[in-house]
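One is the number of the first residue; the rest follow in order along the sequence.
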Amino acid sequence: PQNKIFLDFESAKTLIQKMKIANTDQWKLLRKQNLIPASIPSNPDKKYKDKGWKNWADFLGKDDK
């Protein structure tokens with residue numbers, strides 16, 4: 001829903017990194033299984049675009065190689 005309230009970028013990033021998600025494929029699978037907290041947007045790359053988003057590797061806590 002449009003009015004849904006999500007965590008701010010840094011809080012979302014910290015929470016997601018604690019989950020140790022390996023990659024975007026695993027993200028999609030966990031999202032489909034409703035294992036990603038509802039306080040995290042389905043498309044964080046869009047939601048956090050101008051709020052600190054760099055890339056998926058940064059968000060998931062992986063080296064950007």
Side-chain angles (χ1 to χ4, degrees):
Q2 301 288 61
N3 300 338
K4 189 160 184 158
I5 297 174
F6 296 110
L7 292 174
D8 64 86
F9 174 71
E10 288 300 325
S11 298
K13 182 175 164 180
T14 298
L15 181 61
I16 289 301
Q17 289 181 4
K18 287 180 183 176
M19 294 179 70
K20 300 190 183 303
I21 298 171
N23 52 43
T24 55
D25 288 337
Q26 186 181 15
W27 165 273
K28 291 173 189 173
L29 179 63
L30 292 172
R31 176 51 85 186
K32 197 178 277 190
Q33 296 171 335
N34 292 317
L35 297 175
I36 300 292
S39 58
I40 309 285
S42 300
N43 298 308
D45 51 329
K46 293 181 176 85
K47 178 69 177 173
Y48 299 126
K49 181 180 177 193
D50 297 320
K51 297 178 174 107
W53 181 268
K54 293 178 188 170
N55 55 46
W56 277 101
D58 175 67
F59 188 65
L60 298 177
K62 307 298 174 196
D63 290 336
D64 189 21
K65 293 181 181 176

Closest approach of [X] to [Y] (non-hydrogen atoms, all atoms of both residues):
| X | Y | value |
| --- | --- | --- |
| Q26 | K20 | OE1-O, 4.1 Å |
| I21 | K62 | O-CE, 3.0 Å |
| S39 | L15 | OG-CD2, 4.4 Å |
| A12 | Y48 | CB-OH, 3.4 Å |
| I40 | F59 | CG2-CZ, 4.4 Å |

To the nearest 0.5 Å, what is the distance between [atom1] ([X]) and [atom2] ([Y])?
| X | Y | atom1 | atom2 | value |
| --- | --- | --- | --- | --- |
| K49 | K46 | NZ | NZ | 10.0 Å |
| M19 | L30 | CE | CG | 5.5 Å |
| K28 | N23 | NZ | CG | 9.5 Å |
| K13 | W53 | NZ | CH2 | 9.5 Å |
| I36 | I16 | CD1 | CD1 | 4.5 Å |

Can you find a heavy atom in the side chain of P44 that is under 4.5 Å from one in the side chain of F6?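 Sidechains of F6 and P44: no contact.
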
If you define the side chain from C-beta out and look only at heavy atoms, does anything of L29 sit under 4.5 Å from L35?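 The answer is no; the side chains never approach within 4.5 Å.
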
